Amino acid sequence: MSEAMSQAVTRSVTTSPVTSGSVTTSGHGLLASLDPLLREWLPRQRWFAGKGRPVTGFSLVAATELLPVEGKLGLYHLLVRAHQPLAAVQGHVPHPGDCYQLLIGVREALPPRLAPALIGHVHEGPFAGRTVYEALYDPRPAEVILEALRSQARIGGLRFERRGEIRPDLVPRMVTAEQSNSSVIYGDTFILKLLRRVLPGVNPDLELPLALAREGCPRVPPPTAWMTAEATIEAGTDEPYVLGVLQPFVQGASDGWELALRELAKGEDFSAEARALGRATAEVHTALARALPTVTLGHLQLQSLVDGMTERLEAAAQAVPALQPYAPALRSAFEALADLAGEGETWTAQRIHGDLHLGQCLRSPAGEWSLIDFEGEPAKPLAERRMAQPVERDVAGMLRSFDYAAHSAGGPPAPEWAEACRAAYCTGYAEVSGRDPRTDPVLLRAYETDKAIYEVLYEARHRPDWLPVPLSAVRRLAGSAPV
Ligand SMILES: Nc1ncnc2c1ncn2[C@@H]1O[C@H](COP(=O)(O)OP(=O)(O)O)[C@@H](O)[C@H]1O
Ligand SMILES: O=P(O)(O)O[C@H]1O[C@H](CO)[C@@H](O[C@H]2O[C@H](CO)[C@@H](O)[C@H](O)[C@H]2O)[C@H](O)[C@H]1O
């Protein structure tokens with residue numbers, strides 16, 4: 001085991017008030033064995049945020065034994081930092097490495113049904129001959145987590161809190177769809193999202209649904225229980241880490257993305273649903289504005305917003321050369337916003353969703369829309385994600401999403417379909433909020449441009465085949481021809 005790992009284990013043992021479960025000597029062995037396996041396995045996970053930079057090692061933030069490793073099935077909760085040489089765009093600022101949450105199962109042999117969960121076979125040390133795997137695929141470990149939430153357990157530095165009732169006999173199944181985090185559904189009653197890249201501090205994925213629940217907003221499933229790591233789990237940290245949130249599962253729901261593609265494939269109009277989505281978004285925004293402070297953005301704040309957009313454009317153009325010919329024209333969308341701010345225009349800002357798109361909207365069989373996933377853009381620091389922002393940012397995210405759908409349905413692009421949805425969405429939004437987002441075209445265009453640039457980078461990193469979709473929006477927003 002590396003020195004960093006061994007220090008971390010000791011720290012976790014000595015500082016955590018252990019009620020049951022702890023880091024044992026066998027835990028030391030497991031961690032040493034995992035290092036080479038994780039280097040190989042972690043970068044291949046969809047939720048691994050450091051793609052494109054090799055992992056050179058790990059340091060352990062905390063290890064908590066949830067099921068004794070000496071038994072037939074051992075279970076460890078780990079928080080590990082992945083060390084990665086910094087990319088030039090990050091400016092060589094020293095960085096301790098992203099912290100990931102892992103749930104590791106240990107068995108003598110993996111049953112065939114768990115083959116996709118394999119992390120690797122241990123060859124040396126006290127775990128030689130054992131197999132380690134991603135334990136969320138396995139019902140028993142998923143039950144252990146639910147039981148901890150149900151009983152409001154404290155295990156090592158882990159805290160499990162609950163607000164609502166949880167039945168003990170719910171059967172778990174892991175969500176296998178592509179995700180930024182990992183989710184488990186329990187008996188079609190609850191869904192638990194385990195955050196993967198975790199950070200100390202208030203996480204909007206818990207903060208905002210709790211605030212909306214307090215306001216009685218029915219558009220967002222209210223958190224039933226959650227899981228945190230206490231601040232003392234890591235030296236130098238003074239805030240807990242939010243690790244997971246359990247919320248009611250919307251049974252039989254379809255997400256807005258699936259529905260939109262289905263309607264497109266049939267050549268059907270989607271504007272009635274788009275309008276309902278506009279209404280739902282405005283309901284959530286109105287409730288958030290009641291629940292949490294709003295601010296007025298003056299010249300200085302607007303200028304820093306524009307600076308942020310411009311910096312993101314420069315960074316994205318460095319990383320994705322296809323963006324470069326359009327950069328001057330895209331920059332002009334941001335400059336137009338700076339000009340308005342210079343003329344003394346102000347905007348109201350409030351807490352918003354922060355990463356709104358069709359995939360974050362669920363429609364129940366009764367036709368009711370819910371919004372989910374208030375984590376914001378996962379790559380951004382928590383403080384930035386929690387800043388008050390103009391609602392147009394969320395609106396622009398949805399407008400981009402209709403455009404995405406119109407370019408992704410398999411057939412030729414359907415710009416008229418997207419245009420009808422975009423207009424209907426703004427109409428629905430105005431019906432509830434009293435303000436049509438289209439009355440602020442400069443702000444909306446700046447946000448749409450910022451989002452399209454984010455998407456270019458996102459697709460280049462995660463789904464290169466999709467890159468043409470945001471690039472076509474970039475061409476449109478830049479006025480079609482490269483300059
Ligand atoms: N309350 C819910 N009811 C039903 N399905 C949900 C619920 N919350 C999330 N899901 C499903 O789980 C998926 C992932 O959830 P999400 O919060 O978006 O996670 P991530 O941050 O990993 O993308 C969603 O796309 C949706 O299909
Ligand atoms: O849902 P996440 O929080 O993981 O969001 C990330 O992944 C999304 C894709 O899964 C990505 O969304 C982009 O693709 C969608 C279609 O798959 C489209 O509806 C969105 O408009 C588009 O932005 C999102 O940007 C990213 O943060």
Side-chain angles (χ1 to χ4, degrees), residues 45-49 101 136 173-198 203-206 208-209 213 218-224 242 244-261 264 277 353-365 368-380 385 393-409 418 421-422 425 447-448 450-463 465-470 472-473:
Q45 303 313 300
R46 159 71 156 81
W47 41 263
F48 178 66
Q101 174 174 211
L136 279 178
R173 70 171 197 278
M174 190 172 174
V175 174
T176 48
E178 298 252 297
Q179 272 187 260
S180 300
N181 297 287
S182 298
S183 299
V184 181
I185 297 167
Y186 291 96
D188 272 4
T189 304
F190 293 111
I191 181 163
L192 170 71
K193 171 151 91 173
L194 277 193
L195 300 176
R196 287 308 197 157
R197 193 172 74 93
V198 295
N203 192 309
D205 221 358
L206 176 59
L208 296 185
R219 296 283 160 217
V220 175
T224 306
V242 173
V245 181
L246 184 82
Q247 54 171 239
F249 181 70
V250 183
Q251 288 185 23
S254 308
D255 76 41
W257 178 252
E258 294 161 12
L259 284 172
L261 290 192
L264 257 168
L277 274 169
H353 180 283
D355 190 18
L356 196 57
H357 56 81
L358 279 164
Q360 317 281 37
C361 307
L362 298 181
R363 199 187 65 177
S364 73
E368 294 291 330
W369 284 100
S370 304
L371 305 192
I372 56 164
D373 193 5
F374 284 74
E375 192 185 12
E377 284 175 14
K380 290 195 173 147
R385 292 193 237 157
R393 174 142 186 253
D394 277 351
V395 170
M398 285 300 292
L399 299 185
R400 286 286 317 115
S401 215
F402 294 121
D403 187 62
Y404 244 78
H407 283 84
S408 314
C421 289
R422 289 159 61 98
Y425 178 80
Y447 271 124
E448 216 189 316
D450 189 42
K451 182 72 184 185
I453 292 164
Y454 164 84
E455 289 166 344
V456 166
L457 201 55
Y458 178 87
E459 301 301 5
R461 282 189 183 148
H462 296 271
R463 308 185 295 191
D465 291 354
W466 289 61
L467 195 50
V469 176
S472 79

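Source: prediction; values computed, not measured. Quick note: residue numbers are just sequence positions, from 1. Whatever order the structure lists them in is the order used to number ligands and atoms, beginning at 1.
When non-hydrogen atoms are compared, ligand 1 lies under 4.0 Å from neither the backbone nor the side chain of Asp205. Contacts of Pro378 with ligand 1, taken as heavy-atom pairs under 4.0 Å, are absent altogether.
The side-chain heavy atoms of Val175 and Ile191, taken from C-beta on, include a pair separated by under 4.5 Å. Put simply, the side chain of Asp205 reaches to within 4.5 Å of the side chain of Phe374, judged on heavy atoms. Inter-residue side-chain proximity for Lys193 and Ile372 is flagged as unmet; no heavy-atom pair is nearer than 4.5 Å.
Atoms of ligand 1 lying under 4.0 Å from any heavy atom of Leu362, numbered from 1 in the order shown and given with element: 2 (C), 3 (N), 4 (C), 5 (N), 6 (C), 7 (C). In summary, the atoms of ligand 1 found under 4.0 Å from a heavy atom of Ser180, numbered by their order in the structure, are 20 (P), 22 (O), 23 (O). Proximity to Pro221 (heavy-atom distance under 4.0 Å) selects the following atoms of ligand 1: 1 (N). Ligand-side atoms of ligand 1 in range of Phe249: 3 (N), 4 (C), 5 (N), range being under 4.0 angstrom from any heavy atom. Less than 4.0 angstrom separates some heavy atom of Ile191 from each of these atoms of ligand 1: 1 (N), 2 (C), 6 (C), 7 (C), 8 (N), 9 (C), 10 (N), 11 (C), 12 (O). For ligand 1 and Gln360, the ligand atoms under 4.0 Å from any heavy atom of the residue are 18 (O).
The residue from Gln247, Lys193, Glu375, His357 that puts a heavy atom closest to atom 16 (P) of ligand 1 is Lys193. Between the choices Val250, Asp255, Ile372, the shortest heavy-atom distance to atom 26 (C) of ligand 1 belongs to Ile372.
Between atom SG of residue Cys361 and atom CG of residue Leu259 there is a gap of 10.0 Å, rounded to the nearest 0.5 Å. Atom NZ of Lys451 sits about 4.0 Å away from atom CG of Asp355, to the nearest 0.5 Å. A distance of 4.5 Å separates CG of Asn181 from CD of Glu375, quoted to the nearest 0.5 Å. In this structure, Ser182 OG and Leu136 CG are separated by 6.0 Å, a value rounded to the nearest 0.5 Å. Here the CZ-CG distance, from Phe402 to Leu264, works out to 11.0 Å after rounding to the nearest 0.5 Å.
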Starting from the C-alpha separation in whole Å, work towards a yes-or-no answer on side-chain contact (heavy atoms from CB on, under 4.5 Å) for Met398 and Leu358. CA-CA 7 Å; Met398 285 300 292; Leu358 279 164; 4.0 Å; yes
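Closest heavy-atom contact between Pro470 and Arg400: CA-NH2, 3.9 Å. Heavy atoms only, all atoms of each residue included: Arg197 and Ala49 are closest at CD-CB, 3.5 Å. Listed here is the closest heavy atom pair of Leu467 and Ala460: CD1-N, 4.0 Å.
Summary of contacts: the protein heavy atom closest to atom 18 (O) of ligand 1 is Asp373 OD2, 3.1 Å. For atom 14 (C) of ligand 1, the nearest protein heavy atom (residue, atom name, distance) is Gln179 NE2, 3.3 Å. For atom 25 (O) of ligand 1, the closest non-hydrogen atom on the protein side is Gly359 O, 4.0 Å.
Between Asn181 and ligand 1, at least one N/O pair is under 3.5 Å apart.
If you look at ligand 2, the protein residues with a non-hydrogen atom under 4.0 Å away are Arg46, Ser180, Trp257, Asp355, His357, Gln360, Asp373, Ser401, Tyr404, Lys451, Tyr454, Glu455, Tyr458, Arg463, Trp466.
Ligand 1 lies within reach of Pro248, whose nearest heavy atom is under 4.0 Å from it.
Contacts of Tyr458 classified as side-chain hydrogen bond (donor to acceptor under 3.5 Å, both in side chains), with partners at least two apart in sequence or in another chain: Arg46.
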